[in-house]
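I have placed the structure first, in the form of structure tokens, so that the comments after it can refer back to it.
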Amino acid sequence: MRVAEAVDNWEMVIGTEIEIEGIAEISNSMSVIYESRDKKGIGDLIKPSIFVHGDQLEALVQRLPMPLAGYVGSEIRYVVKVRVLGIVANTGYSFAPLKFGHIYEIEFDDEHMGKQSLTVNLRLKNVVIKVNRALKAAEVKEFKKYFPEFDNMVELKKYLESGNSLVLLSRVLEADISKHLSFLKRLNIEFELNESAIENGLWGMP
């Protein structure tokens with residue numbers, strides 16, 4: 001998606017996952033991703049743009065196996081073409097309403113070093129179950145660690161056997177899920193994996 005397209009439709013994309021390509025000006029206090037960097041003169045605003053607060057992008061540049069050449073003459077440390085996949089949030093500013101609040105992947109495309117990609121955050125999953133049979137007491141006991149709010153095993157048994165879809169686990173790394181699925185498979189419990197939604201506040205900020 002182009003930066004201009006995302007900004008023009010900012011109310012629709014807030015809190016959603018998008019992939020953006022643009023030119024990033026990166027500093028240790030804030031980074032800005034522009035549609036392009038064409039500029040008439042000093043002080044002219046370049047719009048549209050998407051913010052990345054703090055030193056997030058600078059820290060990612062430091063992780064690259066092949067260092068990028070620094071940008072000399074201002075607070076800006078690097079100017080580089082980027083492709084960012086992540087969740088956008090609302091800044092509250094009318095002139096630049098979007099920022100990347102959560103980044104999954106980023107690609108830096110530098111004129112001299114070529115393309116370099118990083119995985120920033122792994123995806124999280126929810127494990128949702130549905131029990132369609134009566135459970136034995138020993139089986140109910142195995143669910144206790146997932147539902148610590150139930151002290152009474154009879155009440156837990158009723159809850160599990162309600163026939164409703166129940167969240168067994170939320171926001172779990174994909175790499176950590178297998179040990180939980182083996183227990184469900186052994187008990188022949190129906191389950192599905194869903195993408196965990198990023199927890200957004202009033203302004204769509206994780």
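Keep in mind that what you see is a predicted model, and the values were worked out from it rather than measured. Values reported hereafter were calculated over all heavy atoms of this structure, with side chains retained and with hydrogens, waters and symmetry mates removed.
- In this structure the side chain of Val80 reaches within 4.5 angstrom of the side chain of Leu68, judged on heavy atoms.
- Formation of a donor-acceptor pair under 3.5 Å by the Lys144 side chain with backbone atoms of Phe150 is found in this model.
- At a threshold of 4.5 Å between non-hydrogen side-chain atoms, the residues Thr16 and Ile87 do not count as touching.
- Stacking of Arg77 on the aromatic ring of Tyr71 is not recorded, the 6.0 Å distance cut-off and the 45° axial limit not both being met.
- Residues Leu169 and Tyr146 have side chains in contact (heavy-atom distance under 4.5 Å, counting atoms from C-beta outward).
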For residues 182-190, dump all side-chain donor-acceptor pairs below 3.5 Å to protein atoms at least two apart in sequence or in another chain.
residue : atom : partner : partner atom : Å
Ser182  : OG   : Lys179  : O            : 2.9
Arg186  : NH1  : Glu142  : OE2          : 3.3
Arg186  : NH2  : Glu142  : OE1          : 2.7
Glu190  : OE1  : Asn132  : ND2          : 2.9

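- Counting heavy-atom neighbours within 6.0 Å of Glu111 CD, excluding the residue itself, gives a total of 12 or less.
- Here the CG-CG distance, from Asn28 to Leu57, works out to 12.0 Å after rounding to the nearest 0.5 Å.
- Linking Ile, Leu, Val, Met, Phe, Trp and Tyr residues whenever their side-chain heavy atoms come within less than 4.5 Å places Met153 and Val131 in a single cluster.
- When side chains are defined from C-beta on, Leu60 counts as touching Val120, because their heavy atoms get closer than 4.5 Å.
- Annotation: the span from Ser165 atom OG to Asn194 atom CG amounts to 9.0 Å, rounded to 0.5 Å.
- Rounding to the nearest 0.5 Å gives a distance of 10.5 Å between CG of Leu168 and CZ of Phe191.
- Leu173 is listed as a side-chain neighbour of Leu124, based on a closest heavy-atom distance under 4.5 Å.
- With hydrogens and angles disregarded, a donor-acceptor distance shorter than 3.5 Å links the side chain of Asn126 to the backbone of Arg171.
- No donor-acceptor pair closer than 3.5 Å links the side chain of Ser31 to the backbone N or O of Gly54.
- In terms of heavy-atom proximity, Ser29 sits nearest to Glu75 at OG-OE1, 4.3 Å.
- Ion pair Arg2/Glu21 not flagged as a salt bridge, since none of the NZ, NE, NH1 or NH2 atoms sits closer than 4.0 Å to an Asp/Glu carboxylate oxygen.
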message: side chain to side chain contact (heavy atoms under 4.5 Å, CB included) for Glu17 and Leu85? Distances and angles first, verdict last.
response: CA-CA 7 Å; Glu17 179 181 319; Leu85 177 66; 3.6 Å; yes
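- No side-chain heavy atom of Val172 sits less than 4.5 Å from a side-chain heavy atom of Val127.
- Hydrophobic clustering, with ILVMFWY side chains joined whenever heavy atoms are under 4.5 angstrom apart, groups Leu118 together with Val61.
- We find the NZ-CG distance between Lys158 and Asn152 to be 8.0 Å, quoted to the nearest 0.5 Å.
- Residues Tyr159 and Val154 are members of separate hydrophobic clusters, defined by side-chain heavy-atom contacts under 4.5 angstrom among Ile, Leu, Val, Met, Phe, Trp and Tyr.
- Nearest approach of Glu25 to Val79, heavy atoms of both residues: CG-CG2, 4.3 Å.
- Within the 4.5 Å cutoff, the side chain of Leu135 has heavy atoms near those of the Leu160 side chain.
- The distance from the CG atom of Leu193 to the CZ atom of Arg123 is 14.0 Å, given to the nearest 0.5 Å.
- Pro48 approaches Ala4 most closely through the heavy-atom pair CG-CA, 3.3 Å.
- Contact check for Lys81 versus Lys115: no side-chain heavy atoms found under the 4.5 Å cut-off.
- Looking only at distances, a side-chain donor or acceptor of Asn90 sits under 3.5 Å from a matching main-chain atom of Gly92.
- Nearest heavy-atom pair across Ile20 and Ala6 is CD1-CB, 3.8 Å.
- In this structure, Glu107 contributes its side chain and Gln116 its backbone to no donor-acceptor pair below 3.5 Å.
- Between Phe51 and His53, the angle of the ring planes lies from 30° to 60°, which puts this pair in the tilted group.
- In this structure, Ile106 is a member of the same hydrophobic cluster as Met1, with clusters built from ILVMFWY side-chain heavy atoms closer than 4.5 Å.
- One N or O on the side chain of Asn9 and one on the backbone of Glu5 form a donor-acceptor pair closer than 3.5 Å.
- Aromatic ring centroids of His102 and Phe100 lie 6.0 Å or more apart.
- Closest heavy-atom contact between Ile33 and Gly22: CG2-CA, 4.0 Å.
- The 12-atom threshold is not exceeded at CE of Met12, counting heavy atoms of other residues, nucleotides or ligands nearer than 6.0 Å.
- One distance of note links NZ of Lys130 with OG of Ser162; it measures 9.5 Å at 0.5 Å rounding.
- Although no hydrogens or angles enter the test, the distance criterion places a donor-acceptor pair under 3.5 Å between the side chain of Asn121 and the main chain of Ile103.
- Using cut-offs of 30° and 60° for the angle between ring planes, the Phe147 and Phe143 rings count as tilted.
- Across Thr91 and Tyr93, no two heavy atoms sit closer than the pair OG1-N, 3.0 Å.
- Using a 4.0 Å cut-off between charged nitrogen and carboxylate oxygen, Glu192 and Lys125 do not count as a salt-bridge pair.
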query: What's the verdict on side chain to side chain contact (heavy atoms under 4.5 Å, CB included) for Ile50 and Val32, showing C-alpha distance, side-chain angles and the deciding distance?
result: CA-CA 6 Å; Ile50 297 176; Val32 185; over 6 Å; no
